[in-house]
A.B. asks: 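I have a structure I would like to understand better, so I am pasting it below and will then ask my questions one at a time.
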Amino acid sequence: MKSEQSSILILGPTAVGKSELAVALAQRIAGEVISADARAIYRDLTIGTAKPPAHLRERVPHHLIDFLDPTERYDVMRFRHDVLKAIEEIRARGKMPIVVGGSTLYISVLTGTFFAGPKADPQLRRRLESQPQEQLRQRLEAVDPEAAQRIHPNDKIRTVRALEVYELTGVPISRWQRESKVPFPYRFTKIGLTLNRRVLYERINARVDRMIAQGLLEEAKALKEKLTPQMPAYRTIGYEEFFAYLDGKISYDEAVRLIKKHTREYARRQFIYFKREPDVHWIDVTGKSLEEVLDEALRLLGQHLSESA
RNA sequence: GCCGAGGUAGCUCAGUUGGUAGAGCACAGGACUGAAAAUCCUGGUGUCGGCGGUUCGAGUCCGCCCCUCGGCA
């Protein structure tokens with residue numbers, strides 16, 4: 001480990017209140033916020049991604065938000081690199097890095113290990129994608145039976161990725177994953193926020209209504225001009241549904257209903273994914289004020305520091 | 001009080017001539033390593049309002065009771 005002192009990681013489902021806690025915490029302990037959000041990275045996706053609002057970003061520096069054009073691609077290893085850089089800069093200023101996020105894979109790259117395989121090759125990927133899944137599956141079973149066992153026959157994205165790695169290196173992805181484990185050089189004290197599901201779902205529904213009142217549809221309309229369905233930013237909850245509405249494929253009411261439903265399903269997946277993250281200090285924020293949550297977080301951090309001292 | 005209509009899953013409802021129940025929505029469990037707000041898999045969750053009767057067998061037929069909604073008073 002590169003650092004004797006760990007950074008802070010705040011994780012949890014969408015709409016649980018991570019951003020507010022991060023800023024409150026940053027103000028108390030002289031920290032800076034690093035976003036771990038695969039959609040907040042994009043400019044022009046503002047309302048629908050629930051980026052921390054200006055009044056929070058004025059109080060504390062935020063990193064990895066609004067720095068990429070939505071037509072561009074980004075990936076977890078670039079994220080890893082960018083976080084590393086941000087942490088080093090923040091530390092050089094004598095501040096505490098506070099990573100905050102909900103993007104599951106992005107969290108994993110910081111807390112676990114990753115394999116140092118090849119990055120995505122757009123051309124090869126396009127070629128593979130154009131083939132029927134059944135055929136790709138057969139090929140995967142032939143070249144990497146171990147991966148085929150883990151990847152569901154219908155999961156085209158993982159099938160394509162596995163074949164891509166094999167094509168590029170001649171080594172099956174399963175072997176890469178087994179033999180190449182690169183850790184992240186910094187440790188984190190992990191704070192997880194959780195909330196009664198019912199309450200969270202109501203909060204999500206209300207937040208979507210608020211986004212719409214703030215002009216989500218207009219933002220989507222403008223964005224639609226420059227995005228194509230192949231771009232990751234196109235597949236963002238709150239936008240993709242409105243794109244379908246603007247194309248006349250679904251009604252307005254249906255689009256709104258789907259935005260809420262998809263956000264709830266997303267939150268559920270985050271619950272499930274984060275559940276297995278080890279060593280998380282969980283705080284149930286149900287019925288608690290920001291001050292109470294902050295106090296609990298500070299207590300946990302104090303405890304953690306004295307334990308490791 | 002009388003006359004209608006109705007009480008079945010969390011909600012809205014379907015349920016043939018009696019064979020211990022199923023759709024939509026909602027929801028739940030899970031997978032996941034360079035697209036992750038992505039991608040994929042699995043699951044019906046039930047005193048059929050209650051009590052009794054007929055029957056080998058009742059959500060279904062009969063009786064009584066309870067509740068809800070209309071209409072008339």
Side-chain angles (χ1 to χ4, degrees), chain A residues 11 13-15 35-42 45 47-51 68 70 72-82 101-122 124-126 128-129 133 136-137 147 149-165 168-169 173-184 197-198 200-202 204-205 207-208 211 228-241 253-254 257-277:
Chain A
L11 55 85
T14 189
S35 164
D37 186 315
R39 291 296 182 271
I41 57 173
Y42 292 118
L45 280 75
I47 298 170
T49 57
K51 279 175 197 164
L68 204 66
E72 287 183 66
R73 293 186 157 271
Y74 192 68
D75 65 57
V76 65
M77 290 311 261
R78 272 182 77 184
F79 171 75
R80 181 183 187 278
H81 170 265
D82 290 343
S103 290
T104 52
L105 187 63
Y106 288 15
I107 300 298
S108 293
V109 78
L110 303 181
T111 61
T113 60
F114 251 69
F115 75 101
K119 64 180 178 188
D121 178 331
L124 173 58
R125 217 170 251 204
R126 226 171 303 130
L128 290 167
E129 273 162 11
Q133 170 60 11
L136 295 171
R137 174 68 187 182
Q149 204 171 20
R150 276 194 4 258
I151 296 169
H152 192 277
N154 295 347
D155 194 342
K156 188 160 186 176
I157 290 208
R158 290 193 172 76
T159 306
V160 166
R161 172 59 182 160
L163 290 175
E164 176 185 58
V165 169
L168 291 172
T169 64
I173 192 170
S174 57
R175 194 174 145 202
W176 272 106
Q177 291 172 338
R178 205 173 40 235
E179 295 176 5
S180 165
K181 293 182 191 291
V182 182
F184 192 74
R197 283 255 189 129
R198 290 263 168 210
L200 182 69
Y201 287 179
E202 278 164 26
I204 285 171
N205 294 341
R207 190 177 73 176
V208 171
M211 286 174 174
T228 68
Q230 288 73 39
M231 299 169 181
Y234 187 97
R235 298 223 176 81
T236 302
I237 298 171
Y239 298 91
E240 190 170 16
E241 297 84 355
D253 288 348
E254 178 68 357
R257 192 184 73 79
L258 286 176
I259 292 170
K260 291 176 180 174
K261 173 189 164 78
H262 292 159
T263 309
R264 292 194 301 268
E265 288 170 347
Y266 169 48
R268 190 185 65 82
R269 292 197 303 274
Q270 289 174 306
F271 268 121
I272 289 167
Y273 194 92
F274 291 141
K275 211 159 58 180
R276 53 171 202 191
E277 178 72 38

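Just so it is clear: chains get the letters A, B, ... in the order the sequence lines come, proteins before strands, and each one is counted from 1. Only heavy atoms go into these numbers, but all of them, side chains included; no hydrogens, no water, no symmetry mates.
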A.B. asks: Pick base, sugar-phosphate or nothing for A:Gln230, based on heavy-atom distances below 4.0 Å to the nucleic acid.
C.D. replies: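 Since no nucleic acid heavy atom lies under 4.0 Å of A:Gln230, the category is nothing.
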
A.B. asks: Checking all strands, does A:Thr14 fall into the base, sugar-phosphate, or nothing category for heavy-atom contacts under 4.0 angstrom?
C.D. replies: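 Here A:Thr14 touches no strand at all.
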
A.B. asks: Is the distance from OP1 or OP2 of B:rA38 to the nearest side-chain N or O of A:Tyr239 less than 4.0 Å?
C.D. replies: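 No, outside the criterion.
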
A.B. asks: Can you tell me how the ring of A:Phe79 sits relative to the ring of A:Tyr74, calling it parallel under 30°, perpendicular over 60° and tilted otherwise?
C.D. replies: perpendicular

A.B. asks: Side-chain N or O of A:Arg269 versus OP1/OP2 of B:rA31: is the shortest distance under 4.0 Å?
C.D. replies: no

A.B. asks: Check every strand shown and say whether A:Lys260 touches a base, only sugar-phosphate, or nothing at a heavy-atom separation below 4.0 Å.
C.D. replies: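 The answer is nothing, as A:Lys260 stays clear of every strand by at least 4.0 Å.
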
A.B. asks: Base, sugar-phosphate alone, or nothing: which one does A:Arg276 contact when heavy atoms must sit under 4.0 Å apart?
C.D. replies: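 Since a base atom lies under 4.0 Å of A:Arg276, the category is base.
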
A.B. asks: For the side chain of A:Phe114, counting heavy atoms from C-beta on, which of B:rA37, B:rU39, B:rG34 is nearest?
C.D. replies: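 Closest of the options to the side chain of A:Phe114: B:rG34.
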
A.B. asks: Could you tell me whether the phosphate oxygens of B:rC41, OP1 or OP2, come under 4.0 Å of any side-chain nitrogen or oxygen in A:Asn154?
C.D. replies: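 So the side-chain polar atoms of A:Asn154 do come within 4.0 Å of the phosphate oxygens OP1 or OP2 of B:rC41, strictly under.
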
A.B. asks: Assess A:Arg269 against A:Phe271: is NZ or CZ under 6.0 Å from the centre of the six-membered ring, and within 45 degrees of the ring's axis?
C.D. replies: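 No cation-pi geometry.
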
A.B. asks: When you check the phosphate oxygens OP1 and OP2 of B:rG34, does a side-chain N or O of A:Arg73 lie under 4.0 Å from one of them?
C.D. replies: no

A.B. asks: Across the strands shown, which category fits A:Arg264 at heavy-atom distances under 4.0 angstrom: base, sugar-phosphate, nothing?
C.D. replies: sugar-phosphate

A.B. asks: Just to be sure I understand the rule, does A:Phe271 reach a base, reach only the sugar-phosphate, or reach nothing, if contact means heavy atoms closer than 4.0 Å?
C.D. replies: nothing

A.B. asks: With a non-hydrogen cut-off below 4.0 angstrom, is A:Gly48 in contact with a base, only sugar-phosphate, or nothing?
C.D. replies: base

A.B. asks: Taking the P atom of each, how far is B:rG15 from B:rA9, in whole Å?
C.D. replies: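 Per the computed distance, 15 Å lies between those P atoms.
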
A.B. asks: With heavy atoms under 4.0 Å as the rule, sort A:Ser108 into base, sugar-phosphate or nothing.
C.D. replies: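 Nothing: the residue A:Ser108, judged by heavy atoms under 4.0 Å, touches no strand.
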
A.B. asks: Let me check I have this right: for RNA chain B, each base becomes ., (, ), [, ] or |, based on Watson-Crick or G-U pairs with both distances under 3.5 Å. What is the full string?
C.D. replies: ((((((((.[[[[.)...(..]]]]((((((.......))))).)...[[[[[..)....]]]]]))))))).

A.B. asks: What is the nucleic acid contact for A:Arg197, judged by heavy atoms within less than 4.0 Å: base, sugar-phosphate only, or nothing?
C.D. replies: sugar-phosphate

A.B. asks: Would you tell me if any nitrogen or oxygen in the side chain of A:Lys156 comes within less than 4.0 Å of OP1 or OP2 on B:rC40?
C.D. replies: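 Answer is no, no contact under 4.0 Å.
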
A.B. asks: Counting the atoms with a prime plus P, OP1 and OP2 as sugar-phosphate, which does A:Thr263 contact under 4.0 Å by heavy atoms, base, sugar-phosphate, or nothing?
C.D. replies: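 Result for A:Thr263 = nothing.
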
A.B. asks: Hey, does A:Arg150 reach any base, or is it just sugar-phosphate, or nothing, if we go heavy atoms under 4.0 Å?
C.D. replies: sugar-phosphate

A.B. asks: How close do A:Thr263 and A:Ile237 get, heavy atom to heavy atom, and via which atoms?
C.D. replies: OG1-CG2, 3.3 Å

A.B. asks: May I ask you to say what A:Gly102 touches in the nucleic acid, namely base, sugar-phosphate or nothing, with a heavy-atom cut-off under 4.0 Å?
C.D. replies: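 The answer is sugar-phosphate, as A:Gly102 gets under 4.0 Å only of primed atoms, P, OP1 or OP2.
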
A.B. asks: Is A:Tyr106 touching bases, backbone alone, or none of the nucleic acid, heavy atoms closer than 4.0 Å?
C.D. replies: sugar-phosphate

